[in-house]
Number of protein chains: 2
Amino acid sequence: MTTKIKSNANQIRSRKEREGLNIFSRLPAVYAASRTQSRNFLELAGGLSVVEWRTLWDLAEAGPLTIRDLAAIQRADHSLLSRALPEMRKKGYVTMQRDARDGRQTIVELTEQGRAAYDTAAPVMAKRRAALKEVFSDTEIREFAGFLDRLEDFLRVPAEDLLAGQMAQEDTQ
Amino acid sequence: MTTKIKSNANQIRSRKEREGLNIFSRLPAVYAASRTQSRNFLELAGGLSVVEWRTLWDLAEAGPLTIRDLAAIQRADHSLLSRALPEMRKKGYVTMQRDARDGRQTIVELTEQGRAAYDTAAPVMAKRRAALKEVFSDTEIREFAGFLDRLEDFLRVPAEDLLAGQMAQEDTQ
DNA sequence: AAATAATACGTGACAAGTCATATATTTTCT
DNA sequence: AGAAAATATATGACTTGTCACGTATTATTT
């Protein structure tokens, strides 16, 4: 029975190793680790949530934006912002007002308090990016980002197209 | 005012571009796209959820496993499995029984029905991986996985350590 | 101008994931 | 052996994210 247990342990280890090269199965863990580290940094930098930080950052960098713009910049679904923003308004970080020119749109703008929260968090988050730069060179970052670009392109090809034939993705070029 | 709008559009575009090189802010979108594509593939391959698919795969490859083993292989929190498994048992995919040797552990085992669900999904999911291989060479996959390894190492360094000084991560080597 | 289509946003329902805490069982220490 | 520490699992509360659908507003067709 020892051998049975041992072989099982080996099975587990080998399965874990083989999965190391499976990009798809790596992403959840990498992303989860990133989110956790973000949360920890933000905890030390004023207590913003990840969505709040991203939004304040975008508003501080690009000025007043519509919900749609924010979602596009963050490559996120508008519903995520749509739900987060009223809470941020309640906290005094942003104002939201209907666009006079296009009554469908909501213009989101940083308040002084939002700017202050951003100013508190920004240097801490900048240190995080600086720390990453000690682990990856500029060239490597560009290569890494290039891989992510290509992966993202692949991931946006509908499953049906990929299954239809291995030649399918040629169409997207 | 046209200029104002236009400059804003440029701001947005430039912000989006600059964020392209921010690995941290790329991860949510890439992961989300991967999960969505997974879901679509699984939809076409019998209707498993992502967690179910991962679990059936691990059990089919490595034999009966404890919840802890499953979580370790998937690099996920055990609570995720702990919550998903009773539902999978209800669906007839797995059995769960307390380990006689260690009463704390639960041994999860594939049923015939679970095996059948795996056999239905597996070839479809294999095609997905094959399709990826047409976009990334073996060498590139290894490079990509290497980047992910290094990033994951970085992400597991506590925020306090990274903030304490740029030299901190040397300790982990 | 009226009908139709497109767009922006809100919202309900769900999936995946985290953390903290509780409980039962084993292991380890003395 | 008994006390203390470690481990495996369950569970509540929360965040991030998706999709589908509804509603209001604007743009386009005819």
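We use all heavy atoms of the structure for the numbers below, so side chains are in, but hydrogens, waters and symmetry mates are not. Chain A is the first sequence line, chain B the second, and so forth, proteins listed ahead of strands; every chain is numbered from 1.
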Nearest-Å distance, CZ (B:Arg54) to P (C:dA15)?
14 Å

Modelled atom types, side-chain donor and acceptor of B:Asp69 and B:Thr66, under 3.5 Å:
yes

A:Val51 side chain, from C-beta outward: closest of D:dT25, C:dC19, D:dT16
D:dT16

Between D:dC19 and B:Thr36, is there an OP1 or OP2 to side-chain N/O distance shorter than 4.0 Å?
yes

Starting at atom CZ of A:Arg101, determine the distance to atom C1' of C:dA8, rounded to an integer number of angstrom.
16 Å

Student check: side-chain heavy atoms of A:Val108 and A:Leu65 closer than 4.5 Å
no

In residues 79-90 of chain A, which residues come under 4.0 Å of DNA chain D by heavy atom?
A:Ser79, A:Leu80, A:Arg83

Which whole-number value in Å describes the distance from A:His78 NE2 to D:dT23 P?
15 Å

Would you say the side chain of B:Trp53 lies within less than 4.5 Å of the side chain of B:Ser38, judging by non-hydrogen atoms?
no

Select from A:Arg39 and A:Asp102 the residue whose nearest nucleotide in DNA chain C is closer to the 5' end of that strand.
A:Asp102

Can you see if the side chain of B:Tyr31 gets near the phosphate of C:dG17 - specifically, an N or O under 4.0 Å from OP1 or OP2?
yes

If you measure from the Lys or Arg side-chain nitrogens to the Asp or Glu carboxylate oxygens, is any gap between B:Glu43 and B:Arg39 under 4.0 Å?
no

In terms of the nearest nucleotide of DNA chain D, which residue is placed more toward the 5' end: A:Gly103 or B:Ala33?
B:Ala33

Could you state the CZ-P distance from A:Arg68 to C:dG10, rounded to the nearest angstrom?
14 Å

In terms of relative ring orientation, are B:Phe147 and A:Phe147 parallel, tilted or perpendicular, with 30° and 60° separating the classes?
tilted

Are B:Leu42 and B:Val124 co-members of a hydrophobic cluster defined by side-chain heavy atoms under 4.5 Å apart?
yes

Could you tell me the separation between the CD atom of A:Gln105 and the C1' atom of C:dT7, rounded to a whole number of Å?
9 Å

B:Ala32 side chain, from C-beta outward: closest of C:dG17, D:dG17, D:dT9:
D:dG17

Under 3.5 Å, is there a donor-acceptor pair between the side chain of A:Gln37 and the main chain of B:Val157?
yes

Any donor-acceptor pair under 3.5 Å joining the side chain of B:Arg104 to the base of D:dT7?
yes

Rounded to whole angstrom units, what separation is found between the CG atom of B:Asp69 and the C1' atom of D:dA8?
11 Å

Between D:dT25 (C1') and A:Ile67 (CD1): distance, integer Å:
15 Å

Find the distance A:Arg98:CZ to C:dT7:C1' and express it as a whole number of Å.
13 Å

